[in-house]
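None of these values were measured; they are calculated from a predicted model. Just so it is clear: chains get the letters A, B, ... in the order the sequence lines come, proteins before strands, and each one is counted from 1.
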Amino acid sequence: MAQKYCPREIERKWQDRWAAEHLYEVRDDDSRPKFYALTMFPYTSGDLHIGHWYAMAPSDVYARFKRMQGYNTLHPMGFDAFGLPAENAAISHGIHPYQWTMRNIENMRRQLKRIGAIYDWSREGGTCLPDYYKWTQWFFLKLYQAGLAYRAKAPVNWCSECQTVLANEQVIEDGLCERCDTPVTKKELEQWFFRITKYAEELLRYSRVDWPEHIKIMQTNWIGKSKGAEVSFWLEHEGVDQKEVRVFTTRPDTILGVTFFILAPEHPLVCQLTVPARKAEVDEYVAWCRRQTEYERVALGREKTGVFLGSYVVNPLSGERVPIWIADYVLPSYGTGAIMGVPAHDGRDLEFARKFNLPVRVVIAPVDWSGPELTEAYAGSGTMVNSGEFNGLPSEQGSEAICALLEEKGWGKRAVTYHLRDWLVSRQRYWGAPIPIIHCDKCGMVPVPEEDLPVLLPADAEFRPTGESPLKYCQSFVNSACPRCGGSARRETDTMDTFVCSSWYFLRYTSPGTKDAPFDAAKMRSWLPVDLYSGGAEHAVMHLLYARFFTKALRDMGLVDFDEPFSRLVNQGTIIYHSDKMSKSRGNVVAPDEYVAELGADAVRGYLMFIGPWELGGEWNDRGIVGVSRWLNRVWSLITTDYAGRAVDPEADKELLHLLHKTIKKVTIDLENFRFNTMLASLMEFTNYLSRVRERGVVADPLWHETIRCLLLLIAPAAPHLAEELWTTRGHPYSIHNQLWPEYDEEMASEEEITLAIQVNGKLRDKVLVPASISETEAKDLALGRDRVKAYIDGKKLNRVIYVPKRVVNIVVAPL
RNA sequence: GCCGAAGUGGCGGAACGGCAGACGCGCUACGUUCAGGGCGUAGUGUCCUUAAGGACGUGAGGGUUCAAAUCCCUCCUUCGGCACCA
């Protein structure tokens with residue numbers, strides 16, 4: 001009897017040898033077709049948890065599968081290393097963010113190596129290293145030069161006690177500051193933006209990508225394209241220079257139903273349009289709004305609030321004066337920050353009108369409408385009424401007619417609006433890539449010259465618990481010379497959103513050592529775009545949209561030659577623990593280390609594949625992990641026990657060959673479709689079958705050995721250590737991971753006999769084993785002749801007989 | 001609230017218009033030169049039945065179809081995202 005399966009020993013042995021012999025290092029000058037399989041890099045939170053393994057183990061299995069299929073496969077790994085938690089650690093534990101992050105990287109790299117993946121560590125990258133963020137800054141300058149980076153005022157979370165900007169995460173329940181429980185308000189600050197909205201239209205197109213439908217839908221809804229019109233309402237307000245205020249509407253056909261007008265509380269005209277008598281109330285309301293989060297504000301079920309400014313606008317179409325209100329459900333960031341109130345045809349407007357006793361005027365009549373007031377807002381199409389010259393027109397035509405009139409008179413125009421807002425990239429923090437801009441009193445904003453990059457983060461910054469950016473008080477950093485006039489100047493102290501760093505990391509892996517450019521152009525061209533990108537569903541919108549935007553911007557600068565960064569995308573589901581996404585910041589992580597120590601990395605990899613469909617994720621539990629471990633043990637003993645064909649039977653050979661090809665086919669197709677759970681189930685079934693064959697010794701020795709060889713190749717991506725060990729002990733040349741994937745013969749994989757189900761009126765009444773080649777007539781006759789069936793159809797009227805090839809005969813009968 | 005996804009045995013799940021419960025966990029029984037949480041064999045949705053067999057059964061309710069876990073509508077629950085966590 002051979003020795004026992006001891007994963008600890010063999011996993012360490014092979015990981016060491018693979019590393020020592022650079023088995024997984026990828027060459028750029030390989031003649032085989034390339035495959036770029038990328039898994040989203042982890043944030044350097046400190047420890048790798050089960051959620052990370054869930055993302056990484058199955059994607060490694062897929063990359064290994066592609067490698068065995070003969071592709072030169074690049075499967076790199078790195079670290080998303082800038083961000084808020086490092087700074088929090090600096091404040092609470094007195095450790096510098098750099099130290100904290102590098103220590104975490106070291107630990108995570110060690111843990112990652114235990115997965116047994118084919119990561120090419122010679123290409124590892126980290127976004128917080130000057131060699132990397134130099135190029136993040138370089139891209140910022142490129143975007144700035146291209147007019148895609150600009151500065152503008154924007155509201156931020158502000159704690160008046162700490163005198164600091166807060167991340168959304170630092171605002172705790174009820175809108176309080178996590179540090180001092182002071183109510184958080186909004187404050188307007190100069191911020192940096194990337195003009196992602198310039199690409200809104202192109203970002204809606206997915207013809208060049210193979211992405212899951214639901215991800216495309218989420219992005220499409222996030223971009224939120226609406227067609228309609230911009231309309232000017234006239235202002236006749238003493239002391240106000242502006243003579244009009246614009247709204248965006250998707251329903252120009254309802255302009256004659258306007259009975260009030262609402263500005264966002266943050267709208268620049270609010271102050272000027274408020275009459276003195278109402279100023280106090282308006283100010284109080286605006287202050288209250290600044291404490292609301294955006295999605296509190298737009299929540300549909302919420303009771304409507306608002307304040308009348310005391311002034312009016314004139315509807316250009318009717319000449320009618322309507323009152324101007326402010327209300328929190330009108331957002332400054334969408335459209336023009338102003339809406340026309342049409343209570344008859346918008347649910348929110350109707351609620352508002354009812355709350356404040358404003359008139360409701362029906363202008364679009366639903367079918368069968370006879371004139372009474374509507375009980376709820378009618379947002380559909382219909383016939384125009386109460387609309388003067390437009391009466392009687394279907395609303396779609398009316399919309400066109402009104403747009404034409406608006407354009408003719410110069411009162412408005414057809415317009416398209418997007419929900420997508422420009423990307424706010426500046427952060428008032430230390431631990432990010434500094435924005436490479438210098439502020440000079442004489443020259444204004446001056447970009448840092450390329451040759452002066454990187455703008456290094458100062459090592460001597462102080463981390464005080466005020467929450468204010470340490471860069472602001474770091475004189476050695478702030479004080480600088482203007483690159484243009486040489487005079488004294490101040491450095492920009494904002495750093496970049498970490499999503500900027502992660503918008504181009506996939507380019508750097510192709511040529512990580514490149515000194516004079518973010519990447520080597522030829523190597524980038526040979527590897528990109530990424531063939532398969534996998535990662536958490538939580539990145540469905542933001543990260544993926546930002547990376548797409550970045551790619552398109554780079555393309556327009558001539559830096560890359562493709563339109564989409566990720567040709568194919570797969571989102572694995574989220575691992576939940578205690579009813580919450582497993583993550584360090586939520587404090588509900590489960591470490592894989594103990595499982596790995598006890599059962600081995602192969603068992604943990606296998607279990608994560610086996611627990612269910614990869615794209616679903618689910619609540620973590622370890623019941624059942626022993627099932628995979630036992631299977632690996634069964635494989636071990638199946639293969640390490642000598643085989644002897646004592647009772648060789650040609651029929652058994654035939655059956656084995658059929659099941660072998662059927663299994664190769666199933667495993668291949670399941671892998672191609674990321675169905676790791678059913679792939680493993682079919683390998684288990686085949687293993688169980690082989691155990692019975694071995695007991696009986698019914699197949700010839702050469703066939704047995706060939707079958708075992710194929711089985712090991714099929715197992716190799718899932719359990720790379722076990723497969724390597726058994727492969728070499730059976731005398732095959734090192735390494736199994738350089739072998740080609742087994743092929744299957746379609747004919748051998750197909751069934752010769754099938755079980756036909758026989759139903760009467762849709763209920764299963766009998767089953768019969770028949771040759772797969774059975775004809776429709778034969779099948780129907782056979783079914784009608786079965787004794788079991790006769791009992792249900794005798795004395796009844798035969799209505800029809802339905803035959804589904806190779807599956808079912810359904811006999812439909814009715815009482816006579 | 002809005003956008004997206006998911007609800008199937010005691011548990012993870014399979015089937016994705018055609019035999020509901022593959023594979024595995026757990027449990028039960030038996031066996032084992034079995035120290036063990038080891039290995040092997042058999043059984044295991046619920047109810048009725050000695051059995052053969054039958055009835056019911058995929059979150060709830062309705063619909064389409066010869067046939068629905070699967071398609072459509074309404075609702076409920078859970079999870080992810082909602083623009084400064086990453």
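- Thr755(A) comes within 4.0 angstrom of a nucleotide base, judged by non-hydrogen atoms across all strands.
- Between Arg623(A) and rG10(B) there is no side-chain N or O to OP1 or OP2 distance below 4.0 Å.
- Rounded to whole angstrom, the span from the CZ atom of Arg800(A) across to the P atom of rU65(B) amounts to 11 Å.
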Passes salt bridge (charged side-chain N to carboxylate O under 4.0 Å, His left out), Lys666(A) versus Glu685(A)? Steps please. CA-CA 12 Å; Lys666(A) 172 79 176 153; Glu685(A) 258 179 285; over 6 Å; no
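- Here rG80(B) presents its C1' atom at 14 Å from CG of Asn588(A), a figure rounded to the nearest Å.
- The separation between His539(A) atom NE2 and rC79(B) atom P is 20 Å, rounded to whole Å.
- Comparing the same atom, C1', in rU58(B) and in rG7(B) gives a spacing of 9 Å after rounding to whole Å.
- At rC66(B), none of the side-chain N or O atoms of Asn799(A) fall inside 4.0 Å of OP1 or OP2 (strictly under the cut-off).
- Between rA86(B) and Tyr546(A), no contact under 4.0 Å exists linking OP1 or OP2 to a side-chain N or O.
- Rounded to a whole Å, the CZ atom of Phe610(A) is 7 Å from the P atom of rG24(B).
- The distance between the ring centers of Phe610(A) and Phe676(A) does not fall below 6.0 angstrom.
- Ranking rC23(B), rG18(B), rC84(B) by closeness to the Arg807(A) side chain, first place goes to rG18(B).
- Note: Trp192(A) and Phe140(A) meet the aromatic proximity criterion, with ring centroids under 6.0 Å apart.
- Nucleic acid contact for Asn761(A): none, since no nucleic acid atom lies under 4.0 Å from a heavy atom of the residue.
- Asn221(A) places its CG atom 20 Å from the P atom of rG80(B), with the value rounded to the nearest Å.
- Following rounding to the nearest Å, Asn688(A) (CG) and rG24(B) (C1') show an atom-to-atom distance of 10 Å.
- Contact between the side-chain N/O atoms of Arg634(A) and the OP1/OP2 oxygens of rG24(B) is found at a separation under 4.0 Å.
- Put simply, CD on Gln219(A) is 14 Å from P on rC82(B), counting in whole angstrom units.
- Mapping Met684(A) and Ile802(A) onto RNA chain B by nearest heavy atom places Met684(A) closer to the 5' end of the strand.
- Residue contacts for Val804(A): at a heavy-atom cut-off of 4.0 Å it reaches a base atom on one of the strands shown.
- We find that CD1 of Ile217(A) is positioned 19 Å from P of rC82(B), with the value rounded to whole Å.
- Residue whose closest nucleotide on RNA chain B sits further toward the 5' end, between His214(A) and Gly617(A): His214(A).
- Here Leu420(A) lies in heavy-atom contact (under 4.0 Å) with a base.
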